[in-house]
Amino acid sequence: MSDKIVTRFAPSPTGYLHIGGARTALFNWLFARGHGGTFLLRIEDTDRERSTPAATAAILKGLDWLGLDYDGEVVSQFEGRHRHAEVALDMLARGAAYKCFSTQTEIEAFREAARAEGRSTLFQSPWRDADPATHPDAPYVIRLKAPREGATVIEDKVQGTVTFKNDQLDDMVCLRSDGTPTYMLAVVVDDHDMGVTHVIRGDDHLTNAARQVQVYTAMGWDVPIFAHIPLIHGPDGKKLSKRHGAVGLEEYQAMGYPAAGMRNYLTRLGWSHGDDEFFTDAQAREWFNLEGIGRAPARLDFKKLENLCGQHIAVAEDAALVREIEGYLAAAAKPALSDAQRDGLERAMYCLKERAKTFPELLEKAEFVMTSRPVAPDEKALKALDPVSRGILKTLTPQLQNASWTRDDLEATLNEVAQAHGLGFGKLAGPLRAALAGRSVTPSVFDMMLVLGREETLARLDDQAA
RNA sequence: GGCCCGUUCGUCUAUCGGUUAGGACACCAGGUUUUCAACCUGGUAAGAGGGGUUCGACUCCCCUACGGGCUGCCA
């Protein structure tokens, strides 16, 4: 295949960016970027009732956070409505479509009767072969004159060859009675006009694909390559919904997952490249292919997400992490970092990033560098600061006064002190940790001393010493 | 109801007719340890059920069960 690959993500702006939609976008992006292709974004806003600018904004924000950049301008499907109508009229002119004057109440009655008799509820319009001379002066929709014999076949890259008998497919509405196009028509026209070569989308569109192929055929257009990917399910195997917790991508940012970890997890969910679990964006782009996509729906597993996120945090650059954490704080509506905190965080990052899976966890361990004197110990820290321990801290100060401030020397000094008191190092580390951080969960005491520096360290010890 | 898709350890998956069915996360046990995290060693754990086809099926076919999707002048 020498033609350039063009993919697209086409969400409808009716809410937040669904986690499943985000994965669909990711697959399209990965496929395009990995093959030197183009990744387009089109907002399916033909449903004027439900589409909102806020939802579009949420989608853009979500894609931006996930790091999925699209080529060109965002396409509004609604704005192409005249073009869509033009195609509908074209099909009408060439006899591939027809005007249907059946009212919605008539159709409803037809379906009810069909249901009652156990017949197929697919609507069969009496106007399909009507003589135009008999057309009333009334509102009408334009329906596709779909073939009734034979079958429509989808060659799907994920689902394989899927055959639909044409008598199972109805004459879909292309143009509504108010003259606006339906989604079914609009996708086909837009995908064709935008030169989309690969349609990668949720498998809830698999049946739709058959109807859409009929439009391509009616217009004599090339049918794109389809890849219908399985939907994501909740931990209980049911379709993912709000009762499972987070479904909107923005919630994941607010929970403090790094975007890189999210990308890795989402890529690996339902797609595989041998036994590779943890990979970089570059590797993902290089490895991603349609063949590796599974056919069964996958369930969300937060533990695995966390594990992957932890690995990505560990290998990320310090400055980049600080920036991403600031984004997290904003998304979670938490107080922003002060300049001093930002500096401290970056200095301490080297010892924080290897022990956290999420940003809240990282920030918890960063507390020692985020607070300023006097440090207020929490309950657990207070327990470590009993009178005896406070006494030991006091004897520590002179030793530290003259110690050279390197990890090795601090370690040696502290071990000596512990021995002098006949204690294991653990007994000394507890109070030290409490005095330095006011917390019981922190990086190693040596790292804290190094990050804090001699002066601050001694001051904090002095605050708690007795 | 009709049509379509799916079903390997708890979870994500490898396998593409011949394997002691592999890996990762999670879990359990032990080790290490300065709290947390990490790390080391070992372990538990899977082909939905039933029929075929075949010398041989997780792999191919059929049926059933279960899950999902579509069946809109929603997308």
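Basis for what follows: all heavy atoms, side chains included, without hydrogens, waters or symmetry-related copies. Below, chains carry the letters A, B, ... as their sequence lines are ordered, and counting in each starts from 1.
One C1' atom belongs to B:rG18, the other to B:rC60, and the distance between them is 15 Å to the nearest Å. Between B:rG52 and B:rA57, the two C1' atoms lie 12 Å apart (nearest whole Å). For the P atoms, the distance from B:rU19 to B:rC4 is 34 Å, rounded to whole Å. Of the P atoms belonging to B:rG47 and B:rC39, the separation is 30 Å, rounded to the nearest Å. A gap of 24 Å separates the P atoms of B:rA46 and B:rU41, to the nearest Å. B:rG31 and B:rA14 have their P atoms separated by 37 Å, given to the nearest Å. With both ends at atom C1', the span from B:rG50 to B:rC66 equals 15 Å, rounded to whole Å. Here the separation of B:rU8 from B:rG49, taken at their P atoms, is 11 Å to the nearest Å.
For a distance-only test at 3.5 Å, the side chain of A:Glu277 qualifies as a donor-acceptor partner of the base of B:rG23. At a cut-off of 3.5 angstrom, counting only N and O atoms as typed in the model, there is a donor on one side and an acceptor on the other between the side-chain of A:Ser177 and the base of B:rC73. Scanning atom types as modelled, no donor and acceptor separated by under 3.5 angstrom connect the side chain of A:Arg295 and the base of B:rC5. Judged by distance alone, with hydrogens and angles left aside, A:Arg355 brings a side-chain donor or acceptor within reach of the base of B:rU35, the pair sitting under 3.5 Å. Judged by distance alone with a 3.5 Å cut-off, a donor-acceptor contact links the side chain of A:Arg433 to the base of B:rU34. A donor N or O paired with an acceptor N or O is not found under 3.5 Å between the base of B:rG69 and the side-chain atoms of A:Asp203.
Taking the charged nitrogens against the carboxylate oxygens, A:Asp170 and A:Arg211 do have a contact shorter than 4.0 Å, which makes a salt bridge. Comment: A:Asp190 engages A:Arg42 in a salt bridge, judged by a side-chain N to carboxylate O separation of less than 4.0 angstrom.
Looking at every heavy atom in both residues, A:Cys351 comes nearest to A:Pro443 through SG-CB, 3.9 Å.
Counting only heavy atoms from C-beta on, A:Glu361 has its side chain closest to B:rA37 among B:rA37, B:rG6, B:rG23.
A:Arg285 forms no cation-pi arrangement with A:Phe288, by the criterion of a distance under 6.0 Å to the ring centre and an angle within 45° of the ring axis. Note that A:Arg439 lies outside the cation-pi zone of A:Phe368, set by a 6.0 Å cut-off to the ring centre and a 45° limit from the axis. Annotation: cation-pi pair A:Arg268/A:Tyr265 absent, no NZ/CZ under 6.0 Å from the ring centroid and within 45° of its normal.
A:Val162 comes within 4.0 angstrom of sugar-phosphate atoms only, judged by non-hydrogen atoms across all strands, and of no base. No contact: A:Gly424 has no heavy atom under 4.0 Å from any strand. Within the nucleic acid shown, A:Val173 comes within 4.0 Å of sugar-phosphate atoms alone, with no base atom in reach, counting heavy atoms only. If you check every strand for non-hydrogen atoms under 4.0 Å, A:Arg211 touches sugar and phosphate atoms only. Using a 4.0 Å heavy-atom cutoff across all strands shown, A:Pro11 reaches no nucleic acid atom at all. A:His205 comes within 4.0 angstrom of a base, heavy atoms only. Within 4.0 Å (heavy atoms only), A:Ser102 reaches at least one base atom of the nucleic acid. A:Gln104 comes within 4.0 angstrom of a nucleotide base, judged by non-hydrogen atoms across all strands. The residue A:Arg111 sits close only to the backbone: its heavy atoms come under 4.0 Å of sugar-phosphate atoms, none of a base. In this structure, A:Phe164 reaches the sugar-phosphate backbone alone: every heavy-atom distance under 4.0 Å involves primed, P, OP1 or OP2 atoms, never a base.
Per the geometry, CG belonging to A:Asp447 stands 17 Å off P belonging to B:rA38, to the nearest Å. For the pair A:Asn208 CG and B:rC3 P, the computed distance is 18 Å after rounding to whole Å. Taking atom CE of residue A:Met172 and atom C1' of nucleotide B:rC70, one finds them 14 Å apart after rounding to whole Å. Taking atom CG of A:Asp276 as the reference point, atom P of B:rU15 lies 12 Å away to the nearest angstrom. For A:Arg8 and B:rA75, the CZ to P distance is 14 Å, given to the nearest whole Å. Summarising the geometry, the separation between NZ on A:Lys353 and P on B:rA38 is reported as 17 Å, rounded to the nearest angstrom. Whole-Å rounding puts the A:Leu17 CG to B:rA75 P distance at 19 Å. Atom CZ in A:Arg299 sits roughly 14 Å away from atom C1' in B:rA46 (whole-Å rounding).
For A:Tyr16, the ring-ring contact (aromatic ring centres under 6.0 Å, His included) test picks out no residue, with sequence neighbours left out.
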Check: In the 5'-to-3' direction, what one-character label does each nucleotide of nucleotides 25-30 of chain B receive under the scheme B = base within less than 4.0 Å of a protein heavy atom, S = sugar-phosphate only, - = no such atom?
Finding: SS----
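In terms of modelled atom types and a separation under 3.5 Å, the side chain of A:Tyr252 and the main chain of A:Ala246 share a donor-acceptor contact.
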Note to self: Set out, in order, the CA-CA distance, both residues' side-chain angles and the distance that settles side-chain contact (heavy atoms from CB on, under 4.5 Å) for A:Val196 and A:Thr7, then state yes or no.
What the structure shows: CA-CA 6 Å; A:Val196 173; A:Thr7 66; 5.8 Å; no
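Checking B:rC16 for Watson-Crick or G-U wobble geometry (two distances, each under 3.5 Å) identifies no partner in any strand. A 3.5 Å limit on both hydrogen-bonding distances identifies B:rA65 as the Watson-Crick or G-U partner of B:rU7.
Of the two residues near RNA chain B, A:Lys365 and A:Thr161, the one whose nearest nucleotide lies more 5' is A:Thr161.
Close to B:rC73, at under 4.0 Å from its OP1 or OP2, lies no side-chain N or O of A:Thr180. In this structure, A:Arg143 reaches the B:rC73 phosphate: one of its side-chain N or O atoms is under 4.0 Å from OP1 or OP2. Between B:rA75 and A:Thr14, no contact under 4.0 Å exists linking OP1 or OP2 to a side-chain N or O.
Sorted by residue number, the list of members of residues 257-266 of chain A with any non-hydrogen atom under 4.0 Å from RNA chain B is empty.
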